[in-house]
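Chain A is the first sequence line, chain B the second, and so forth, proteins listed ahead of strands; every chain is numbered from 1.
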Amino acid sequence: MTKHDIRIRRQSFNKGQIERHKDFQKFSGMYEKKRSKTSLSRLILLVFTLIILVFAVYFGYFKASNSSKEKETPKKEVPTIWDEFEQ
Amino acid sequence: MANEGSKTGPLPNEGTLIAEAKSDFRHFEPLYDHYYEQIFRFVYRRANDEAMAADLVSQVFFKALGGLKNYKYTGIPFGAWLHRIASNEVKKYYRSKGTKTMFSLEEGQVKELIAIEDEEEKEYQLNQLVAFLAELEEEELLVVELRFFEDKGFKEIAYILGMRESAVKMRTYRTLDKLRELFKLRIND
């Protein structure tokens with residue numbers, strides 16, 4: 001097993017063949033499209049992250065306030081047999 | 001040894017052109033036009049498929065434009081940075097495919113290097129050379145390619161490979177010694 005696949009090309013690749021692929025107008029158009037697509041997906045991701053963050057903060061606050069309410073409500077004391085003697 | 005088209009030096013006012021392209025990507029055109037052929041030949045040597053090479057080259061220029069804001073011009077030709085991106089893109093392509101990296105040589109170019117007149121013997125040496133190159137490490141193969149097919153200087157090769165210049169020189173000489181010894185090639189350092 002060799003590390004690379006080495007091949008010999010009998011014909012050379014000429015400049016004209018390369019020139020067929022060289023088109024800056026097409027390239028820049030594609031780049032602009034790609035760039036706007038990327039910024040749109042970034043915006044969507046940002047909005048999505050913000051929504052998750054707002055939900056997390058809201059539920060975190062909701063849970064925290066609930067647990068503090070639970071702490072505030074006094075516990076009902078269970079009467080013991082000694083209470084009768086005290087009275 | 002390099003292809004006529006690939007012997008492209010840096011543009012005279014490259015630093016200014018890069019600064020302009022950073023502010024508006026439409027100013028990237030002179031850089032694109034100047035380096036397109038060089039990058040295409042480099043990628044094509046590793047792709048051997050015209051359509052695939054064209055796709056990869058587009059990808060290289062997309063990446064270059066996307067990362068242009070972070071690029072700092074240090075005097076090393078812009079082409080070296082493009083070669084670095086191209087080399088990474090090719091590596092990424094083969095990694096995703098899970099196949100061996102391909103490298104193609106032009107028969108005429110290589111035959112010119114073999115210092116043997118007899119055609120049959122030349123053909124034999126050519127096959128031996130292919131077998132030798134197939135066993136080189138990825139970086140060694142890249143060094144040989146950049147130095148002798150792309151006519152790059154050691155400084156540029158070091159930049160492309162992210163290595164020290166001294167390490168590139170050492171690797172080049174070691175590989176060349178082997179090549180000269182085994183194939184009697186007409187290669188200058």
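Closest non-hydrogen pair, A:Asn14 versus B:Arg41, comes out as C-NH2, 4.0 Å. The two atoms that bring A:His4 and B:Leu136 nearest to each other are NE2-O, 2.6 Å, heavy atoms only.
B:Tyr173 and B:Ile160 fall within the same hydrophobic cluster, defined by Ile, Leu, Val, Met, Phe, Trp and Tyr side-chain heavy atoms under 4.5 Å apart, directly or through other members.
The stretch residues 50-62 of chain B places B:Glu50, B:Ala54, B:Ser58, B:Gln59, B:Phe61, B:Phe62 near chain A, each with some heavy atom under 4.5 Å from a heavy atom of that chain. Residues of residues 69-88 of chain B lying under 4.5 angstrom from chain A, judged on non-hydrogen atoms, do not exist.
Heavy atoms of B:Asn127 lying under 4.5 Å from chain A are absent altogether. Neither the backbone nor the side chain of B:Tyr94 comes within less than 4.5 Å of any heavy atom in chain A.
For the set A:Gln25, A:Gln17, A:Met30, A:Glu19, the entry with the most heavy-atom pairs within less than 4.5 Å of chain B is A:Met30.
Salt bridge A:Lys15/B:Glu37: present, at least one basic N to carboxylate O contact under 4.0 Å.
Note that the OH atom of A:Tyr31 and the OH atom of B:Tyr32 stand 14.0 Å from one another [nearest 0.5 Å]. Atom-to-atom distance recorded for A:Arg35:CZ and B:Phe25:CZ is 5.0 Å, nearest 0.5 angstrom. Remark: A:Glu32 CD to B:Leu65 CG distance equals 11.0 Å, nearest 0.5 Å. Between atom CG of residue B:Leu105 and atom CZ of residue A:Arg7 there is a gap of 12.0 Å, rounded to the nearest 0.5 Å. A distance of 5.0 Å separates CG of B:Leu141 from CD1 of A:Ile6, quoted to the nearest 0.5 Å.
Residue-environment remark: CZ (A:Arg42) stays at or below the threshold of 12 foreign heavy atoms within 6.0 Å.
Residues B:Tyr44 and A:Ile18 form no side-chain contact, since every pair of their non-hydrogen atoms from C-beta on lies 4.5 Å or further apart.
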